[in-house]
Amino acid sequence: MLTGTGTRLENADVLIVDGKIQAVGTALEAPANSKIVEAQGQWVTPGLIDVHSHLGVYPSPGVEANSDGNEATSPSTANVWAEHSVWPEDPGFRTALAGGITSLQILPGSANLIGGRSVVLKNVPSARTRA
C-alpha cells in the first residue's frame with residue numbers, strides 16, 4: 001500500500017467503518033461482525049477527483065432533451081450555472097463511481113469563450129422516491 005507520503009506499507013490492513021477509513025496498519029483488530037476482503041496483491045487508493053467533467057449536463061446515453069451543458073447564444077454566457085442543469089440520474093455517475101471517481105467538478109460545455117460556472121459534487125449512490 002502506498003500512503004501518498006512516500007511510505008510503502010507491506011502486508012497492511014485497512015479498517016473501514018461506515019464507508020470511511022478508520023485505520024491503516026498491520027494486524028488491525030476488526031469488530032467481530034466485519035466483512036473481511038482478501039486483497040493480497042491489489043491496490044487500495046483514495047477516491048479520484050474528476051476535475052473536468054460534463055456528467056449530468058451531457059448524460060449518457062445522450063439525447064437532446066438532457067443535453068444541457070451549453071448556452072451557445074453569445075460568446076460570453078457567464079450566467080450559466082452547471083448546478084442548474086445536472087441530471088442526477090445520469091447512468092454515467094454509476095459508471096464513474098465504479099471506476100473510483102468519488103468527486104467531480106462539472107462544467108458547462110466549451111461552446112463559448114466564457115461558458116459559465118461549474119459545480120463540485122460528491123459522487124455518491126442514492127435512492128430517489130417518487131410521489
Side-chain angles (χ1 to χ4, degrees):
M1 172 186 299
L2 302 176
T3 65
T5 63
T7 305
R8 182 179 181 130
L9 301 176
E10 298 292 339
N11 301 313
D13 299 325
V14 179
L15 177 61
I16 301 173
V17 177
D18 295 327
K20 296 185 180 185
I21 295 176
Q22 295 296 311
V24 175
T26 55
L28 295 180
E29 291 292 324
N33 60 347
S34 296
K35 177 181 176 184
I36 306 295
V37 176
E38 178 54 52
Q40 184 70 29
Q42 305 297 309
W43 292 94
V44 175
T45 67
L48 303 173
I49 301 169
D50 183 350
V51 297
H52 186 132
S53 180
H54 298 291
L55 284 177
V57 295
Y58 285 117
S60 52
V63 295
E64 191 172 335
N66 287 345
S67 295
D68 224 2
N70 273 314
E71 177 59 56
T73 58
S74 169
S76 177
T77 57
N79 57 325
V80 173
W81 290 13
E83 66 193 86
H84 295 163
S85 303
V86 172
W87 181 46
E89 294 179 35
D90 179 355
F93 286 117
R94 285 191 304 273
T95 303
L97 189 58
I101 304 294
T102 58
S103 299
L104 307 99
Q105 176 179 223
I106 299 172
L107 304 145
S110 56
N112 322 79
L113 296 173
I114 299 172
R117 179 172 138 171
S118 69
V119 63
V120 177
L121 301 176
K122 190 79 173 155
N123 192 15
V124 296
S126 64
R128 185 179 141 200
T129 32
R130 297 182 187 263

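Residues: numbered from 1 along the sequence shown.
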With sequence neighbours left out, which residue pairs that include part of residues 20-30 fulfil the salt bridge (charged side-chain N to carboxylate O under 4.0 Å, His left out) condition? none
Under the rule for salt bridge (charged side-chain N to carboxylate O under 4.0 Å, His left out), what residues qualify as partners of R117, not counting sequence neighbours? E83
Locate the shortest heavy-atom distance separating A111 from N70; write the atom from each residue and the value. N-OD1, 3.2 Å
Report whether L9 and V14 are members of the same hydrophobic cluster (ILVMFWY, side-chain heavy atoms less than 4.5 Å apart, transitive linking). yes
Tell me, do P31 and L15 make a side-chain contact under 4.5 Å, heavy atoms counted? yes
So S76 and N112, do their side chains get closer than 4.5 Å, heavy atoms only? no
Is L97 reachable from I21 through a run of hydrophobic residues whose side-chain heavy atoms are each under 4.5 Å from the next? no
Apply the hydrophobic cluster definition, ILVMFWY joined by side-chain contacts under 4.5 Å directly or through others, and give me every member besides V57. L48, L55, Y58, V86, F93, I101, L104, I106, V119, L121
Starting from the C-alpha separation in whole Å, work towards a yes-or-no answer on side chain to side chain contact (heavy atoms under 4.5 Å, CB included) for L107 and H54. CA-CA 6 Å; L107 304 145; H54 298 291; 4.2 Å; yes
When rounded to the nearest 0.5 angstrom, what distance separates CD1 in I114 from CG in N79? 11.0 Å
For L28, does the CG atom sit with more than 12 other heavy atoms under 6.0 Å from it, leaving out its own atoms? yes
For T77 and E71, the nearest pair of non-hydrogen atoms, with its separation, is CG2-O, 3.2 Å
Please report the closest heavy-atom contact between S34 and A30, naming both atoms and the distance. OG-CB, 3.6 Å
